[in-house]
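One structure is given here, and the rest of the page talks about it.
Here the structure is a predicted model, which means the values were calculated and not measured. Both counts, for ligands and for their atoms, begin at 1 and track the order of listing. Residue numbers run from 1 in the order of the sequence given.
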Amino acid sequence: MVDYIVDGNIAVLEINNPPVNALSIHVREGLLTGIQKANQDGSVQAIVIIGKGSTFPSGADIREFGKPPKEPWLTAVGEAIEASEKPVISALHGTALGGGLEVALFSHYRIADERSRVGFPEVKLGLLPGAQGTIRLPRLTGLAVAMRIITSGDHINAPEALKYGILDKLISGNLLQEAKTFAKSVIGKPLDNRRLSKIAVRDAATVDKHFDEALAEVKRKYKGMIAPVNCLKSIRGSAKLPFVEAARLEAALFRELLTSAQSAALRYSFFADRSAPRWKLPSGASIENTKPDIIKSVAVIGAGTMGSAIAICFIRVGIPVLLVEQNDKLLQNALKNIGQILQGSVKLNRITADQRKQSLQILRGETSLDIVSDVDLVVEAVFENLKLKQEIFARLDKICKPSALLCSNTSTLDIDKIAVATNRPGKVAGMHFFAPAHIMKLLENVYGTHTSPSTVATIMDIGKRIGKVSVLVRTCDGFVANRMNRMVGNEAVFMLEEGALPQDVDRVLEDFGMAMGPFRVTDLSGSDVGWRIRQERAKEQGIQLTYETRFVNGERYSSLPDRLYELGRYGQKTGKGWYRYEKPFARTAYPDPEITDVINSHCRSLGIERRVIPPQEIIERCLFAAINEGFKVLEEGVAEKPENIDIIWQYGLGFPRYRGGPMFYASQVGLKTIYERVCYYYDAFPHSSYWAPSDLLRKLASHSTEVPIDQWTSKERSRL
Ligand SMILES: CC(C)(COP(=O)(O)OP(=O)(O)OC[C@H]1O[C@@H](n2cnc3c(N)ncnc32)[C@H](O)[C@@H]1OP(=O)(O)O)[C@@H](O)C(=O)NCCC(=O)NCCSC(=O)/C=C/CCCCCCCCCCCCC(=O)O
């Protein structure tokens, strides 16, 4: 894993641990013996550490965290590097991250390919750079820059790193050759002034000021996360304490993080990010064996808010879009809005004015569907109504070329029911974007019974091309996101009937870490949307909904949201919803005594006695109900693995990454507890049938020891 090569008077330690040269145990051992050997070898006068392949080490081996640590630890390896009697030069290329950058900071010199990047992304794993990164970096960059780099986890490009003093020299040619030449030039020079442990933090006197400012910033930006706070405490230690004591403090703060639930969740999320887009169908077709079609042009049908935002997703990566809207006035409005949104992106430095211009050049608005005959992919984004969508798909089927894929942005409707309207069900799929579609990272791609593997491969591939985190799910009512989130919404409203207020429910869930509570979310999207869907469904079933309706088909129903709709309280767009806003479209939500009155009078009129609902009950009823549904989603094969569900929640529903997602959270709570509480609530609320415990959950909870999350699907499902 570490090759020891001597060339003249230079020893080269070449790290060879693909794909990212992670500092696994054998790499650490190899580096340590390499340093020792080079120091004992009389012919060697300088040592170069370099990575083979595409990169210098990109960090510690994340898979080793959570297992019993194996010596030598990285700190011991680093201390041997720094103590070397012969100069050690780290030669960086690719991404020198985390422990990789720490190896470089233990070295006496750092040179780097000019295209390389460095950084300490540990905070994103709920950790800190625990091999003295927090106490060495400030000695090079000063406190403010070190605090920013370490608490953000951002990558820094090589020229910037040179400017901050992290690097000594940038290389544009052959890195190894240049490293050897550089090494020769420093032979015999004093080393103590190159050993960071011997150098003071130059702006140590200002540490309290920097600490206070940075702490306020991370508490605002990374609410609820402990790692950024520990990073700052450790950096403060670097300025206040002698080096050895600062290192001891860093180790203690690192250990606290390493064993934290947050780090476990973030490390899980790191691998879930990479695993979720890897799709596999029950037929065996998968990302490994199926080629995507290349999409060169797209039509978006419907130029409402959603359709316009979807169009932006494509044009900003250079894919031409035909935006079709039957009403010319709406179309012109949409084109104007798209221009404005892109102008906003220019102002925020997300794109250049030139990129905006190029994007708009490949956008064309049309009022006739006939124009889409030649596109490779159609994304339909009209109102959520099955009959309307079926009509559009039947027409598209006739107009579009046979190879074109026809996709719907439906958020709930069964893809199979849309596909039957066409003669190409293999080329029909769901592409469920989340609002606002040009901002939200998630794309829930949906396959139906007849969707072909190549259609799946193509929608997953195009998702990646437009920069989305794409997760594949099988069609069902609401797919994964809306199907599970419906339980949160239902329970939240039922708790209003039983004693809570919108702000109580939202506060508890936001304190848990959710980006927004369910009532603030409803106000954002508009309660008229849900009202229309409920009315449609009731009409389909021949049911008349009234304020007195408490059960629909034997299921508990609350008419509270309907009362709000009737009062014209649609949410932010009308300046009133579950909250009050200063004016329509204002963002700040204020609790509204009028809503308290509406809820109280609703309860009085229905004879419901109100009670105090404790925060734990709010968490359990919203999240455990969703988790139980998540197990049903796994059991039915709607989602292939728990990571897919968790990634959907993180990127689509604002679930805190530092809790992993609802399924990972369930694994931390313990499946026995979840199962018992689900049974308890099913007993208490038999008219909410979603509380019926999932068979998979019951099975997994019955094991005497917790079944690890990576075994929740394959083994248990086959035994059901
Ligand atoms: C930018 C990347 C490097 C590359 O990106 P890309 O090209 O897109 O490739 P990916 O798809 O992301 O990755 C390719 C595959 O590699 C896997 N991978 C990537 N990085 C790692 C890694 N660091 N470890 C393991 N595996 C990794 C990835 O999963 C892919 O595999 P697969 O295809 O999915 O199978 C990008 O990959 C990236 O950003 N990587 C992560 C970089 C990172 O986060 N680095 C920091 C890691 S943490 C770290 O370095 C910490 C250092 C401190 C160590 C402190 C030790 C102190 C010891 C003190 C002792 C305390 C003991 C206490 C115990 C006690 O007291 O008892």
Run down the list [options] and name the one with the heavy atom closest to [atom].
atom	options	answer
atom 39 (O) of ligand 1	L97, L74, V123	L97
atom 47 (C) of ligand 1	L125, L258, L23	L125
atom 33 (O) of ligand 1	E122, E102, R278	R278
atom 30 (C) of ligand 1	R274, E71, R255	R274
atom 56 (C) of ligand 1	F254, F56, W73	F254

Query raised in the report: Backbone, side chain, both or neither: what part of F120 comes under 4.0 angstrom of ligand 1, heavy atoms only?
Result: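 Neither; no heavy atom under 4.0 Å.
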
Query raised in the report: Taking heavy atoms and a distance under 4.0 Å, where does I62 meet ligand 1: side chain, backbone, both or neither?
Result: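 Both backbone and side chain.
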
Requested in this report: Determine, stepwise, if the pair T458 / T455 fulfils side-chain hydrogen bond (donor to acceptor under 3.5 Å, both in side chains).
Outcome: CA-CA 5 Å; T458 307; T455 300; over 6 Å; no

**Report entry** Per-atom contact, atom 2 (C) of ligand 1, protein heavy atoms, under 4.0 angstrom
**Finding:**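 It does not: no protein heavy atom is found less than 4.0 Å away from atom 2 (C) of ligand 1.
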
**Report entry** Numbered atoms of ligand 1 (with element) below 4.0 Å of D61, judged on heavy atoms
**Finding:**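 Here the atoms of ligand 1 in question are 24 (N), 25 (C).
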
Query raised in the report: If you measure every N/O of G99 against every N/O of ligand 1, is any gap under 3.5 Å?
Result: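 Min N/O separation from ligand 1 is below 3.5 Å for G99.
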
**Report entry** Side chains of H26 and E29, donor plus acceptor under 3.5 Å
**Finding:**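 There is such a pair (donor and acceptor under 3.5 Å, judged by atom type) between the side chains of H26 and E29.
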
Query raised in the report: Heavy atom of P19 under 4.0 Å from ligand 1?
Result: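 Under 4.0 Å: yes for P19.
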
Report task. Could you label the plane-to-plane angle of the F433 and F314 rings as parallel, tilted or perpendicular, counting under 30° as parallel and over 60° as perpendicular? Result ->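 Answer is perpendicular, since the angle exceeds 60°.
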
Query - Among L125, D273, I709, D710, side chain to side chain contact (heavy atoms under 4.5 Å, CB included) partner for Y268 - result: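 Output: one option passes, namely I709.
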
